[in-house]
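What follows is a set of notes on a single structure, which appears directly below.
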Amino acid sequence: MNKDLLQADSALHSEQDSDFSKIVDASISRRRFMQGGASAMGLFLATNPLAKAVAATQPDSKLLGFSKIPTSTADTFVVPKGYIAKPLISWGDPIIKGTPAFDENGRQPASAQAGQFGDNTDGMSFFPLSEDRALLAVNNEYTNYKLLFDHQGKAMTADDVKKSQAAHGVSVFEIKRTAGGWEYINDSKYNRRITANTEMRLTGPAAGDDLLKTSADHSGTKVLGTFNNCANGETPWGTYLTCEENFNGYFAKPGGGQDKHLTRYGIGDDSKYQWYKSDARFDVNQEPNEPNRHGWVVEIDPMGPSSTPLKRTALGRFKHENAAVTIATSGHVVVYLGDDERGEHLYKFISKHKYNPSDKAANRILLEEGTLYVSRFNAVDGEAKGTGEWLELTQGKNGLTPENGFNSQAEVMIFAREAATIVGATTMDRPEWVAVHPKTKTVCCTLTNNKHRGKKEGQPVGGPNPRAENHYGQIVRWNEAHGDNSAMSFKWDLFVVAGNPTVHKDFYAGSANINDENMFNSPDGLGFDNDGRLWIMTDGSYSNKGDFAGMGNNQVLVADPDTGEIRRFATGPISCELTGLTFSPDQRSIFIGVQHPGEKVASHFPAGGNSKPRSTIMVVQREDGGIIGA
Ligand code: FEO
Ligand code: CA
Ligand code: CA
Ligand code: CA
């Protein structure tokens with residue numbers, strides 16, 4: 001077992017114990033909450049009409065038809081009995097004509113990677129071309145230098161930086177359904193690599209602002225590339241949304257001297273990717289505005305292989321996780337957006353103009369103009385439910401004034417995190433994916449974990465973030481007023497509080513719908529299928545020790561939102577995260593991403609033997625061709 005992981009676990013234990021007693025002493029309501037432990041949580045759920053379903057423990061869901069699987073520590077991808085899982089594509093597989101095949105020697109040049117499937121597969125969407133053909137648009141979040149280079153990143157040349165940049169971004173490629181399952185087509189006219197050097201256009205309220213101008217772009221509208229593309233979204237008008245998450249990690253300000261903006265967004269004096277050493281635009285001393293051009297949601301037309309990706313500044317700049325799009329009853333487009341960092345916020349965008357199902361071209365501009373809001377969760381002390389409201393992020397309102405540093409709407413969008421603080425947004429336990437139920441329009445968001453909760457200034461325990469030293473995570477859900485996703489208020493509860501009932505007997509055991517057969521930590525990927533099954537993917541500790549004993553490798557679970565039942569559907573190989581999911585429209589195929597197998601502990605997934613581990617998309621189908629999960 002990896003030593004670092006063991007040490008990390010014991011550190012968690014001791015920190016949690018001391019923190020626990022502090023919290024217990026902190027207030028009467030907290031004492032009630034913590035001392036009551038699991039039974040108190042059960043009580044909250046039993047007395048909470050919104051969360052009543054969560055108390056269900058009977059495995060009688062009509063929605064879930066598959067046999068649950070146990071946890072796994074094996075170096076393989078496991079699915080339930082009656083299901084088949086096959087690799088579709090792995091990092092380095094060529095998708096552009098004339099590109100060489102993957103070679104694991106780590107010596108292929110940037111030009112090869114630029115035509116190959118990028119690294120670290122993440123969020124993805126399925127765009128049908130016909131019944132048996134489709135395009136997959138897939139994020140390639142980041143890359144691991146230990147695998148990408150034979151020198152493991154210790155002797156970076158300018159071409160190596162270009163290769164690293166080419167391993168990032170988005171891959172679009174055609175797939176076809178054959179008798180043996182889905183295959184990718186390596187020379188389709190649609191196939192495309194979008195990398196950290198692809199030209200894009202900035203649109204919306206911040207486009208053209210002085211803060212977005214650089215020595216290479218005096219217009220403030222023309223930007224190169226997208227990177228650290230985490231999860232995704234898709235629009236009803238057929239475009240793909242890719243979300244720029246930890247963009248800060250690629251910039252450096254050597255010598256230090258960060259201002260408050262760089263500090264809030266986490267840009268330091270060095271960068272492990274080393275791009276700034278041979279590409280001046282990543283050196284903040286040379287190009288102070290380049291970081292402002294990243295951290296956005298980017299809209300891509302997957303059907304137009306030469307179309308220009310559009311960065312949508314109306315959706316705010318932060319560490320974007322995914323973009324959950326729905327059409328409100330009012331006809332406006334609503335996009336829910338998480339900012340994945342401890343103590344950051346949960347947002348929603350509402351378009352100015354309405355969606356028009358019969359005018360595809362008009363819909364193309366809907367993400368250019370609108371209003372961004374950030375959430376505030378109100379809570380009755382000690383209760384795992386409450387109301388909430390959406391706070392407007394518009395210059396001149398809610399304290400977003402020149403006196404507070406906001407001179408324009410462009411500044412509000414570029415420094416959205418700082419604007420959210422001024423309006424009084426709730427600090428959350430790392431908002432990851434948001435998903436909207438296709439019929440009820442209930443919204444769920446994974447709050448993956450937060451070791452700072454209850455310890456750091458401004459991150460008090462309570463409301464939807466009910467545990468100090470929260471390393472298990474929870475899923476918050478809410479219903480907007482009058483069932484209208486463009487409403488300004490909502491009612492929330494916790495759908496599940498993850499935990500380990502074999503280790504803890506208090507609130508860290510998890511909510512009533514967690515048991516020793518379905519426990520997990522750090523929910524991250526999230527999505528509803530068309531029937532309303534809630535798919536949960538984890539990105540947590542796979543140490544299988546201490547607080548995480550018995551949890552095994554990262555996993556995929558499926559929940560019935562009505563009964564609260566949660567059942568394990570898949571387990572990943574060693575030292576991977578499972579992230580990215582999409583379905584064929586007939587729901588008879590699900591695509592699941594296996595990201596960074598072997599990240600910390602050796603893996604040889606998917607090829608086995610002595611091979612290098614490679615991030616891979618798996619396709620899962622049923623032996624009888626039935627609906628996945630049913
Ligand atoms: Fe890329 Fe927050 O996960
Ligand atoms: Ca994630
Ligand atoms: Ca995560
Ligand atoms: Ca990841």
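Everything quoted here is computed from the prediction, not taken from an experiment. Note that the numbering runs from 1 along the sequence shown for the chain. Worth knowing before you read on, the calculation uses all heavy atoms, side chains too, and leaves out hydrogens, waters and symmetry mates. For ligands, and for the atoms within them, numbers begin at 1 and follow the listed sequence.
Between the side chains of Q258 and Y265, not a single donor N or O lies within less than 3.5 Å of an accepting N or O. Using a 3.5 Å distance cut-off with no hydrogens or angles, the side chains of Q459 and N465 do not pair a donor with an acceptor. Defined by atom type and a distance below 3.5 Å, a donor-acceptor pair is missing between the side-chain atoms of Q595 and W91. At a cut-off of 3.5 Å, with distance as the only test, no side-chain donor of T71 or R568 sits close to an acceptor on the other residue. Checked by atom type, the side-chain pair E234/S125 shows a donor-acceptor distance below 3.5 Å.
Only protein N, O or S atoms were considered, and those under 3.0 Å from the Ca ion (ligand 3) are E432 OE2, D524 OD2, D539 OD2. For atom 2 (Fe) of ligand 1, protein N, O or S atoms closer than 2.8 Å were enumerated as E245 OE2, E321 OE1, D340 OD2, E432 OE1, with waters left out.
D269 has no carboxylate O lying under 4.0 Å from a charged side-chain N of K253, or vice versa, which leaves the two without a salt bridge.
Both tests hold for R467 against F507: distance to the six-membered ring centre under 6.0 Å, angle to the ring axis within 45°.
Just one residue in the list W433, F591, F569 forms a ring-ring contact (aromatic ring centres under 6.0 Å, His included) with W535, and that residue is F569. Exactly one of Y273, Y142, Y145 qualifies for a side-chain hydrogen bond (donor to acceptor under 3.5 Å, both in side chains) with S164. That residue is Y145. Between K319 and the choices E244, E341, E344, the side-chain hydrogen bond (donor to acceptor under 3.5 Å, both in side chains) rule is met once, by E341.
For E321, the N, O or S atom closest to the Ca ion (ligand 2) goes by the atom name OE2.
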